[in-house]
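One structure is given here, and the rest of the page talks about it.
Quick caveat, the model's predicted, so the values are computed rather than measured.
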Amino acid sequence: MTTTDAASAELRELLLGRIRDVPDYPQPGVIFKDITPLLADPVAFSALVDALAALCARHGATKVVGLEARGFILAAPAAARAGLGFVPVRKAGKLPGKTLAQSYDLEYGTAEIEVQVDAFAQGDRVLVVDDVLATGGTAEASVELIRRTGATVAGVAVLLELGFLGGRARLAPVLGDAPLDTLVAI
């Protein structure tokens, strides 16, 4: 797995300055990283979309996956800006038609994500986009799911990486040579 310095210091400062800490949410002791102020700022949001679209081009992506739910908010405009198709990867039971599912472990239990079976064409190179890389479970499952469709994973790109939660290490074995791009790491 490679890591690319996907954001300039100026961009990182702009983005991080628009991410708000919400203490004790969703439970006591957790500091939630709220990206809604960033989304509400047209300059910061546009800069974020530009950076993600540039990663699409850099990695030769032909499709962009957004992970439910906040990944949709980032991936869809980045795909449009890059002139690519957007594919939602959703929680089980949320997509119509035939789907392919991938289960993964959570701290206390399991979860499942799905993609429509016809979402990718042979030879598609898919960039996975999400808002936060925490423990890496959802990103790991999405990489495995995309590969099961026959498409190639061009990389994973996230707005914010919470390094202390170990998601990068969890992703390393499944990413192989595909890059993990983080715009802001804490």
Side-chain angles (χ1 to χ4, degrees), residues 1-16 18-19 33 35 38-39 41-90 95 100 102 113-134 136 138-162 167-168 170-172 174-185:
M1 173 177 59
T2 61
T3 302
T4 309
D5 182 17
S8 68
E10 183 178 321
L11 176 60
R12 283 192 295 272
E13 185 177 316
L14 174 65
L15 299 176
L16 189 56
R18 304 307 185 280
I19 298 171
K33 300 297 184 182
I35 67 167
L38 187 156
L39 300 174
D41 180 325
V43 172
F45 188 41
S46 184
L48 170 59
V49 170
D50 286 344
L52 293 171
L55 289 173
C56 292
R58 179 184 304 162
H59 300 312
T62 59
K63 294 265 175 70
V64 180
V65 154
L67 302 181
E68 188 165 344
R70 291 180 300 191
F72 296 172
I73 298 168
L74 307 183
R81 179 104 17 113
L84 304 175
F86 166 73
V87 176
V89 168
R90 301 214 53 196
L95 289 170
L100 188 61
Q102 181 73 39
I113 56 174
E114 293 180 330
V115 68
Q116 290 172 320
V117 296
D118 59 354
F120 306 113
Q122 199 64 22
D124 268 337
R125 291 184 46 80
V126 181
L127 182 68
V128 177
V129 174
D130 205 3
D131 64 327
V132 175
L133 176 63
T138 308
E140 176 187 37
S142 71
V143 167
E144 292 173 349
L145 182 60
I146 291 163
R147 288 192 176 133
R148 287 178 48 216
T149 71
T152 299
V153 175
V156 174
V158 296
L159 163 60
L160 179 65
E161 179 181 353
L162 304 177
R168 180 174 293 273
R170 181 175 181 169
L171 274 180
V174 296
L175 276 177
D177 291 337
L180 168 59
D181 291 294
T182 298
L183 299 178
V184 177

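The CG atom of L127 sits 9.0 Å away from the CG atom of L84 when rounded to the nearest 0.5 Å. With rounding to the nearest 0.5 Å, the separation of CZ in R90 from CG in L67 is 12.0 Å. Between the CZ atom of F45 and the CG atom of L15 there is a distance of 11.0 Å, given to the nearest 0.5 Å. Rounded to the nearest 0.5 Å, atoms CG (L39) and CG (L74) are 6.5 Å apart. Taken from OG in S8 to CG in L183, the straight-line distance is 9.5 Å, to the nearest 0.5 Å.
Qualifying salt bridge (charged side-chain N to carboxylate O under 4.0 Å, His left out) partners for R170, counting only residues two or more places apart in sequence or in other chains: E140. Residues passing the salt bridge (charged side-chain N to carboxylate O under 4.0 Å, His left out) test with D118: none are found, sequence neighbours excluded. Take T152 and apply the side-chain hydrogen bond (donor to acceptor under 3.5 Å, both in side chains) test, not counting sequence neighbours, and it matches no residue. With sequence neighbours excluded, the residues forming a salt bridge (charged side-chain N to carboxylate O under 4.0 Å, His left out) with D131 are R70, listed by chain and number. Checked against salt bridge (charged side-chain N to carboxylate O under 4.0 Å, His left out), E114 has no partners two or more places apart in sequence or in another chain. With sequence neighbours excluded, the residues satisfying side-chain contact (heavy atoms from CB on, under 4.5 Å) with A44 are L14, R18, L38, D41.
For the pair V129 and V158, the minimum side-chain heavy-atom distance is 4.5 Å or more. Using a 4.5 Å heavy-atom cutoff, the side chains of L159 and V132 are not in contact. Annotation: side chain of L145 is in contact with side chain of I113 (closest heavy-atom distance under 4.5 Å). Taking 4.5 Å as the limit, every side-chain heavy atom of V89 sits out of range of all side-chain heavy atoms of E68. At a threshold of 4.5 Å between non-hydrogen side-chain atoms, the residues V156 and L175 count as touching. A 4.5 Å side-chain heavy-atom check between F72 and D130 finds every atom pair outside the cut-off. Looking at P179 and H59, their side chains come closer than 4.5 Å, going by heavy atoms from C-beta outward.
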task: Assess whether side chain to side chain contact (heavy atoms under 4.5 Å, CB included) is satisfied between V64 and V87, documenting all intermediate values.
output: CA-CA 6 Å; V64 180; V87 176; over 6 Å; no
query: Checking side chain to side chain contact (heavy atoms under 4.5 Å, CB included) for the pair R81/S46: CA distance, chi angles, key distance, verdict?
result: CA-CA 10 Å; R81 179 104 17 113; S46 184; 3.7 Å; yes
query: What's the verdict on side chain to side chain contact (heavy atoms under 4.5 Å, CB included) for L133 and L162, showing C-alpha distance, side-chain angles and the deciding distance?
result: CA-CA 6 Å; L133 176 63; L162 304 177; over 6 Å; no
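For the pair A78 and L52, the tightest heavy-atom approach, listed with the atom from each and the gap, is CB-CB, 3.6 Å. What you find for F86 and A75 is that their closest heavy atoms are CE1-CB, 3.6 Å. Of all non-hydrogen atoms in R148 and L100, the two that sit nearest each other are NH2-CD1, 3.1 Å. Closest of all the heavy-atom pairs between D181 and R58 is OD1-NH1, 4.3 Å.
For T182 (side chain) and A185 (main-chain N/O), no donor-acceptor pair under 3.5 Å exists by modelled atom type. Of the possible donor and acceptor atoms, one in the side chain of R147 sits under 3.5 Å from a partner among the backbone N and O of V174. A distance-only check finds a donor-acceptor pair linking the side chain of T62 to the backbone of R125 [under 3.5 Å]. Side-chain atoms of T149 come within 3.5 Å of backbone atoms of I146 as a donor-acceptor pair (strictly under, hydrogens ignored).
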